[in-house]
Each structure stands twice: as C-alpha cells, then as structure tokens.
Amino acid sequence: MKTLFLSSKQVKRLLTMKDTLKAVETAFRHAGMGTVEMPCKVYLFFPKHNGDIRVMPSYIPPLNISGVKVVNVHPDNPKKGMLSVMATFILIDPRTGFQQAIMDATWITMMRTGAAAGVATKYLARKNANVLSLVGTGAQANTQLEAMMIVRKIKKVKLFDARKKRAEEFVGRYQKKYRAAQFRIARSLEECLADADIVCTMTPVRKPIVKAKWIKPGCHINAIGADAPGKEELEPAILKKAKIVIDDWAQASHSGEINVPLSKGIIKRRNIRAEIGKVVAGLKPGRTNDADITVFDSTGLGLQDLTTAYLVYKLARKKKVGRWLEII
Ligand SMILES: NC(=O)c1ccc[n+]([C@@H]2O[C@H](COP(=O)([O-])OP(=O)(O)OC[C@H]3O[C@@H](n4cnc5c(N)ncnc54)[C@H](O)[C@@H]3O)[C@@H](O)[C@H]2O)c1
C-alpha cells in the first residue's frame, strides 16, 4: 500500500478559496450537529528555543475521514531564513488507520483560517456589507481578503498596519486583481475603522487596540489575531455589546479573543451567543438585526484542516498530482 505525498507547492496549486470555503463550512456544520470527534489541541513547549508545536487530531464519522495536523510556532525562525509557522497533515483512513496521505499543511492553515472568517462573515455580516477594514496586513491578511471578496460584494478595502510598508505592499499585490474595489491605506486605526461594515483584526498584540467607540452599529468583526492565552485585540466593551460567536468553547475560552475578558469576569459564558457550527447548522441564530454588532472569535479548529486536507487529497488523486511512496 502506498501513501500520497504532497508538497507545499502542489497543495497551493490545487486549493482555491471557493473550495476551501465549502470545506470549512462542512466542518463547521458537522461540529454544530455534534457529529465529530475533536479533542483539544495539545501543546508541547520548547522554552529554550522560543517555540512550540501543537498537535490537532480530528474525526468526522459521517464522512469517514480523520487525520492529525502538527504545526509549530517559532517566532525567531525568520532570522534563520525559515518560516515561523510550518504544518504537516497526515490523513488517516478511519477503517484501517492507514496513512492515505502526508501533505504540507502550511498553506492549508492559511486558507482554512481565511475561509473560517469567510464562512462566519457569510452567516453573520449584513447582506449589504461592502466596506471591509483590514487591521494588520501580514500573512493572514491575504487569505482573509480572498475570502471576504467571495462572500460579500466589497466596494472599499481600508487597511492599517503599524508598518506602513506592509500595507503598501499588500495594496500592490491586490489592487490589480480586485479592480472593482477601491483600496485605501488609512493613516490611523480610527480612520481605518470608520464606516466599516466588516473588520478583520490580524495583529499579534496582547493589549486591545480596537476601541468600542470606533465600531458602528451593524458591523461584523472577525477577531483572528488572539490565538493564545493573554492575547486580545478588541476593547472588552465591544464584546459586552456584541453578539459573540466563537469557533469552539474549549479553545476560545482558553486562547481566543474572549480568553482575557472571561478570566477577568468582564464577560461570562452566558454572553456567548453560539459556536459558529450551531449557526451554520441552523440550530442557533446569528445576526437577528441590522444594527447588531457581531464578533466571530476564531482560534482555528483541527476539523477545518481535516476537511480541507481531504479536499486536497481528492483533487490530487483526480489530477494525478503528488508522489505515491511506500512507507510501511
Ligand atoms: N485564529 C487563527 O486561526 C489564527 C491562525 C493563524 C494566525 N493567527 C494569529 O494572527 C495574528 C497575525 O498572524 P500573521 O501570520 O498575519 O502575522 P504577521 O506577523 O505576518 O502579521 C501581523 C501584522 O500585524 C502588524 N501589527 C502589529 N502590531 C500592530 C498594531 N498595533 N496595529 C496595526 N498593525 C499591527 C504587523 O506590522 C504585521 O504586519 C497572530 O497573532 C497569529 O498568532 C490566528
């Protein structure tokens, strides 16, 4: 029996945002219906080397797919000419435990993170939302933009980054691709957020930078940056008045945007409206009013990686991409 090996380049060629959105929506729907198995991420820390690895197993019985992602975070890697985040996914056949595929999941991680916000925006943002604000224009911002462009008719993209050059490079990359939208680099965060219908926050800050008074009624926020204990980007006053939707209670309460306000008692579990899966499955309401402020707290689920990796596997087989090797 042979296992399919796929490199980062091959995965990148196979995966489109349109398909990834569908795969992630499927993952969320199964999570909402409770037809999944997904233990919490396991962290292994390398304090001597300022890094860690995270192991994320998951299983969706009705689809008969399972697998595990191993992903690291080593912030000092760029100094060594390496990526700080690298991931590998092992797709495992639940019937036998055999490794169907081993693939790079670095690009899958980026795409499924953009797609998670895309699915949340599809369900939570106003239908006529057309002004997008991107806060932080680093690596994650690319797939956030791609996903937003698919789920809503975006007319204006406003950007802000603490390093202006990064915002300029970002506009350089996308202005031509999305000619119908007007791109504008804001001089301040306040200016970036003024009149925003959809906001994606993607900074590594540990103290809130987005103020409640800058967010207008009807706005939808994808809070992406906070993905570890102690991190937060939004002033808690935003969460107090918003309809909060999270990706997973165990993960979000431990390391998502809600982790700090929860630990300080500023918000309680009863203030969380739903997990996104319940909204996607139609079991809980999302936005109920055009004036609602909605917040999606994303931490990233193993299930998102699983449905996306399975999609890559199917496409690779169909298009005869990758190398089949005997490892057992
Ligand atoms: N929720 C998830 O599933 C998920 C997945 C991947 C990464 N993340 C998190 O998202 C965040 C961004 O990741 P990335 O890979 O894009 O990082 P990155 O370093 O590529 O980009 C971050 C950007 O934020 C900018 N920035 C920093 N402080 C700022 C401030 N105060 N105001 C405006 N801009 C500021 C930086 O200049 C940089 O351009 C990180 O905290 C990361 O841990 C979350």
Side-chain angles (χ1 to χ4, degrees), residues 20 24 27-28 41 43 50-52 54 56 69 71-79 82-87 105-121 133-147 158-173 185-193 199-211 214 221-235 245-248 251-260 276 295-305 308:
T20 312
V24 169
F28 284 157
K41 282 181 205 185
Y43 288 74
N50 187 25
D52 65 68
R54 300 150 195 209
M56 303 164 70
K69 182 170 87 168
V71 56
N72 77 302
V73 180
H74 281 71
D76 300 332
N77 272 4
K79 289 179 209 151
M82 292 175 76
L83 293 171
S84 43
V85 176
M86 297 172 282
T106 311
W107 184 240
I108 287 177
T109 304
M110 298 269 209
M111 291 289 273
R112 62 72 148 153
T113 303
V119 173
T121 303
S133 294
L134 300 177
V135 180
T137 53
Q140 298 305 322
N142 299 294
T143 52
Q144 292 288 316
L145 175 72
E146 301 271 357
K158 300 171 80 185
L159 319 88
F160 180 74
D161 195 289
R163 286 150 66 196
K164 195 174 170 214
K165 198 163 177 286
R166 292 206 98 174
E168 288 167 351
E169 286 165 0
F170 190 88
V171 174
R173 274 200 301 280
I185 299 173
R187 278 164 300 180
S188 66
L189 189 47
E190 180 174 1
E191 187 187 306
C192 180
L193 296 170
V199 176
C200 301
T201 59
M202 301 153 286
T203 69
V205 298
R206 302 186 75 85
K207 291 271 168 289
I209 54 172
V210 176
K211 293 209 160 55
W214 298 338
I221 305 173
N222 294 305
I224 306 298
D227 61 351
K231 280 169 93 170
E232 53 178 338
E233 296 179 286
L234 311 179
E235 208 172 53
V245 175
I246 58 178
D247 56 7
D248 174 79
Q251 283 193 191
S253 59
H254 173 259
S255 50
E257 182 62 40
I258 60 171
N259 87 86
V260 179
I276 186 69
V295 171
F296 173 56
D297 179 1
S298 155
T299 58
L301 309 183
L303 290 167
Q304 295 166 226
D305 298 301
T308 310

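Small disclaimer: the values here were computed from a predicted structure and weren't measured. Whatever order the structure lists ligands and atoms in, that order sets their numbers, starting from 1.
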Original post:
Can you list the residues that meet the side chain to side chain donor-acceptor pair (under 3.5 Å) rule with T201, with sequence neighbours excluded?
Top reply: E233
Original post:
Which residues satisfy the salt bridge (Lys or Arg N to Asp or Glu O under 4.0 Å) test with D247, sequence neighbours excluded?
Top reply: none
Original post:
For E146, which residues count as a salt bridge (Lys or Arg N to Asp or Glu O under 4.0 Å) partner, sequence neighbours excluded?
Top reply: K177
Does [X] use its side chain to pair, donor to acceptor, with the backbone of [Y] at less than 3.5 Å?
| X | Y | result |
| --- | --- | --- |
| K158 | A186 | no |
| D161 | A167 | no |
| N259 | G230 | yes |

Every pair of nitrogen or oxygen atoms between ligand 1 and the protein that is under 3.5 angstrom apart - can you list them with their distances to 0.1 Å?
residue: ligand 1; atom: 1 (N); partner: I224; partner atom: O; Å: 3.0
residue: ligand 1; atom: 1 (N); partner: S298; partner atom: O; Å: 2.9
residue: ligand 1; atom: 1 (N); partner: S298; partner atom: OG; Å: 3.2
residue: ligand 1; atom: 3 (O); partner: T299; partner atom: O; Å: 3.4
residue: ligand 1; atom: 8 (N); partner: D227; partner atom: OD2; Å: 3.2
residue: ligand 1; atom: 16 (O); partner: A139; partner atom: N; Å: 3.2
residue: ligand 1; atom: 16 (O); partner: Q140; partner atom: N; Å: 2.9
residue: ligand 1; atom: 20 (O); partner: A139; partner atom: N; Å: 2.9
residue: ligand 1; atom: 34 (N); partner: A162; partner atom: N; Å: 3.1
residue: ligand 1; atom: 37 (O); partner: D161; partner atom: OD1; Å: 2.6
residue: ligand 1; atom: 39 (O); partner: D161; partner atom: OD1; Å: 3.3
residue: ligand 1; atom: 39 (O); partner: D161; partner atom: OD2; Å: 2.6
residue: ligand 1; atom: 39 (O); partner: R166; partner atom: NH1; Å: 3.1
residue: ligand 1; atom: 41 (O); partner: G225; partner atom: O; Å: 2.9
residue: ligand 1; atom: 41 (O); partner: K231; partner atom: NZ; Å: 2.8
residue: ligand 1; atom: 43 (O); partner: D227; partner atom: OD1; Å: 3.0
residue: ligand 1; atom: 43 (O); partner: D227; partner atom: OD2; Å: 2.8
residue: ligand 1; atom: 43 (O); partner: K231; partner atom: NZ; Å: 3.1

